[in-house]
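Lettering of chains follows the sequences in order, A, B, ..., and the numbering in each one begins at 1.
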Amino acid sequence: MSIQDKLAKEVKNAVEKLHQVILPDVELQTTRKEFEGDLTVVVFPMLRQVKTNPVKLGESIGDYLQENVKEVAKYNVVKGFLNIVLSDAYFLQDFKTLKDITNYGSVAATEKSDTIMVEYSSPNTNKPLHLGHIRNNLLGYSVAEILKAAGNTVYKTQIINDRGIHICKSMLAWKKFGNQETPETSGLKGDKLVGKYYVKFDQEYKTQIKELEKQGVPEEKAKKEAPLLLEAQKMLQKWEAGDKETVALWEKMNQWVYDGFKKTYAELGVDFDKNYYESDTYLLGKEVVNDGLEKGVFYKKEDGSVWIDLTDEGLDEKIVLRADGTAVYMTQDIGTAIQRVEDYAINGMVYTVGNEQDYHFKVLFLILKKLGFAWAENLYHLSYGMVDLPSGKMKSREGTVVDADDLIKDMTQTAQEIAEDLGKLEAYTKEEKQDLYKIIGLGALKYYILKVDPRKRILFNPEESVDFQGNTGPFIQYTYARIQSILRKVDFDYAAAIENYSLHEKERELLKQIQLYPETVQLAAEQHSPALIANYSYDLVKSFNSFYQNISILGADSMEEKIFRVQLAKTVGKTIKSAFGLLGIEVPERM
RNA sequence: GGUCUCGUAGCUCAGCUGGAUAGAGCACCUGCCUUCUAAGCAGGCGGUCCCAGGUUCGAAUCCUGGCGGGAUCACCA
């Protein structure tokens, strides 16, 4: 039983004994820094049932606890707040077991655990990844890791949008203007090469529209009738008909893109257990829709299109199959969801997709529920805000994007400049340094993105580079490196548990912070929020640095102190590494 | 217009399942490297928690109504 549960129970006992009143529950919270104490009982709510003054009641409960609970050292009452000071013995005892737990903070999966598939990234195959994808990737990867740590079995996946008119645009432009250029001949990364032709298409398309307008064609009509667009549409039809040449080109160019993505994912440190391709799953969706039509979940309009009526739920009607029988976005997502459950026996899914699709997922989840799937109750749209630039929205077609590869390179470069300025790394080889710069640069970027609430939109200003000081990734990495440095210097055995020890205020603070880790992981999993882990890491590290700067570890007076403080430092290091692992951020042994 | 979402210090953000005097970082100002890594620590400056009502012993937090930003309401994905 946790100390919180134990205290809550004892407070109930106390009130029952002293006032013959049975409390429904007891509110316990961590004591605010300004007051002396570790845990605080809020007395106010009890006044409804116990007619007395809050200070007196608090004091009588405090007396009872001090006498009957061995972990309670003393107490004080301020207004209606009963502040409880826990004994050093309690903290030491707790730390004794905690310091040797290998996966501190994580819970192993059991038979009762959920099996959850986390979808993230899910790019189109016509252009390279940009900053928006980075946010998506980091969030999805991190939430997957957090769910794992919280005791779930997790599969990571992405759905690749490999079909549709947008791919045909790149293909057509390459065919027309590409002169058979390949990643090898151009030296361009595959996804960059394909993206180049996507932009090229748009430029040519716009030129054609202007020319048509000059000839007196209205803008709307020109947009629809530009020869290039018509040609792209024709290409899509050929693709769907299985035209050999078109399919071969499609395969070739998609492969270029996959090769490019592979590199970016590796740089970012994210991975997938399974890829799904839209071109594979959209047909299954159609079958399911037809089944649902028989069951009466959907209905057919006169023109043959299939719809679902969600007006009872406060939503609109939504199309699930076109009049010509072809699949829409929704059809494919229905099919994909069902395919996944068949493949992996999952009972829950997390979709990491931008908040512009809130409505889509609301509808998707409702449809799956109406189709009667039990697992539909356990679907979650991890919706996140867009990443905008000071100039506004990022648009691939207009070239106003922060490219993922470029950004990673820039961050590494900045890390290098700062490190060279500080000049602490002279002793290392070129390769070691380069690795370190990447770890730090990526640490800065990942932390910067993950520390904010996913729902909020991020304004990213490339001019003001991401910080490396204060509440940042490098700050936390630095503390980790510093701890490792201390551990390397230790020349005595520090395995023995310390008892009968009087805790320093800073040690006590730090211990309390360490104790919070497991519940933070659980909360982060419940809320699908890496930000909670990031903020926890920061608080822990602040606590440690204050401890580190104020009292000496290796220079402590007694051996007992030295041993205990080294144990503390080591445990903090372990916790930082674990927490950053959940964020997908590496920690360096030195920096 | 309907729906969803965000609004906290000059800037970036915590806090939001109601609790004490609203917290960090950046920026600005003061101190601290002959002793464990100063990417650090200690401190100062800085707030009508968008506004107005309501519920409550108690509201940044919950409810209602405004205001402002964003998203969405396609036989696009």
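Side chains of A:V257 and A:F261 form a contact here, defined as non-hydrogen atoms less than 4.5 Å apart. A:V41 places a side-chain heavy atom less than 4.5 Å from the side chain of A:M46. The shortest side-chain heavy-atom distance between A:V402 and A:H130 does not fall under the 4.5 Å cut-off. The shortest side-chain heavy-atom distance between A:T125 and A:W250 does not fall under the 4.5 Å cut-off. The side-chain heavy atoms of A:Y120 and A:L139, taken from C-beta on, include no pair separated by under 4.5 Å.
Among the heavy atoms of the strands lying under 4.0 Å from A:Y329 is at least one base atom, whether or not backbone atoms are also near. Using a 4.0 Å heavy-atom criterion, one finds that A:F475 contacts the sugar-phosphate atoms exclusively. Nucleic acid contact for A:T40: base, since at least one base atom lies under 4.0 Å from a heavy atom of the residue. At the heavy-atom level, A:I165 lies nowhere under 4.0 Å from the strands shown. If you check every strand for non-hydrogen atoms under 4.0 Å, A:Y448 touches nothing. Contacts of A:V328 with the nucleic acid, taken as non-hydrogen atoms under 4.0 Å apart, involve only primed sugar atoms and P, OP1 or OP2. Contacts of A:N83 with the nucleic acid, taken as non-hydrogen atoms under 4.0 Å apart, include base atoms.
In this structure, A:R32 reaches the B:A20 phosphate: one of its side-chain N or O atoms is under 4.0 Å from OP1 or OP2. Within the structure, a side-chain polar atom (N or O) of A:R322 is placed less than 4.0 Å from OP1 or OP2 of B:A77. In terms of phosphate contacts, A:S546 brings a side-chain nitrogen or oxygen within less than 4.0 Å of OP1 or OP2 of B:A42.
In this structure, A:F81 and A:F44 have perpendicular ring planes: the angle between them is above 60°, well past the 30° mark.
Comparing B:G19, B:A77, B:A39 by their nearest atom to the side chain of A:E27 picks out B:G19.
The CD-P distance, from A:E509 to B:A42, rounds to 12 Å in whole Å.
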Show me the side-chain donor-acceptor pairs of residues 445-454 of chain A shorter than 3.5 Å, one per line, residues at least two apart or across chains.
from, atom 1, to, atom 2, distance (Å)
A:K446, NZ, A:L268, O, 2.7
A:K446, NZ, A:G584, O, 2.6
A:Y447, OH, A:N471, OD1, 2.6
A:Y447, OH, A:A534, O, 3.2
A:K451, NZ, A:N471, O, 3.1
A:D453, OD1, A:R455, N, 2.9
A:D453, OD2, A:R455, NH2, 3.1

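Remark: A:Q332 pairs with no residue by the side-chain hydrogen bond (donor to acceptor under 3.5 Å, both in side chains) rule, at least two apart or across chains. For A:Q434, the side chain to side chain contact (heavy atoms under 4.5 Å, CB included) test picks out A:T412, A:Q416, A:Y437, with sequence neighbours left out.
Closest non-hydrogen pair, A:K577 versus A:Y480, comes out as CD-OH, 3.6 Å.
Applying the Watson-Crick and G-U wobble criteria (two distances, each under 3.5 Å), B:G65 pairs with B:C51. Across all strands shown, B:U72 pairs with B:G2; the Watson-Crick or G-U wobble distances both stay below 3.5 Å. Both distances falling under 3.5 Å, in either a Watson-Crick or a G-U wobble arrangement, place B:G40 opposite B:C32. The partner of B:C26 is B:G10, judged by Watson-Crick or G-U wobble contacts that both fall below 3.5 Å.
The nearest heavy atom of RNA chain B to A:A419 and to A:Q29 marks one nucleotide each, and the one closer to the 5' end goes with A:Q29. Both A:Q527 and A:I418 sit near RNA chain B, but only A:Q527 has its closest nucleotide nearer the 5' end.
For B:G10 and B:C29, the C1' atoms lie 15 Å apart once the distance is rounded to whole Å.
Applying the 3.5 Å distance criterion, the base of B:A39 shares no donor-acceptor pair with the side chain of A:T472.
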Can you tabulate the close N/O pairs, meaning under 3.5 Å, that link protein atoms to atoms of nucleotides 13-15 of chain B?
from, atom 1, to, atom 2, distance (Å)
B:A14, OP1, A:D453, N, 2.6
B:A14, OP2, A:K456, NZ, 2.5

Would you mind building the protein contact string for nucleotides 28-38 of chain B? One character per nucleotide, 5' to 3', B for base within reach (heavy atoms under 4.0 Å), S for sugar-phosphate only, - for untouched. --------BBS
What is the per-nucleotide protein-contact pattern of nucleotides 54-62 of chain B, from the 5' end, where B denotes a base atom under 4.0 Å from a protein heavy atom, S denotes such proximity for sugar-phosphate atoms only, and - denotes neither? ---B-----
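Using a distance-only test at 3.5 Å, with no hydrogens or angles considered, no donor-acceptor pair links the side chain of A:S305 to the main chain of A:K301.
At a threshold of 4.0 Å, the pair A:E220-A:K224 does not count as salt-bridged, since none of the basic side-chain nitrogens sits closer than that to a carboxylate oxygen.
For the pair A:R340 and A:Y276, the cation-pi criterion (under 6.0 Å, within 45° of the ring axis) is fulfilled.
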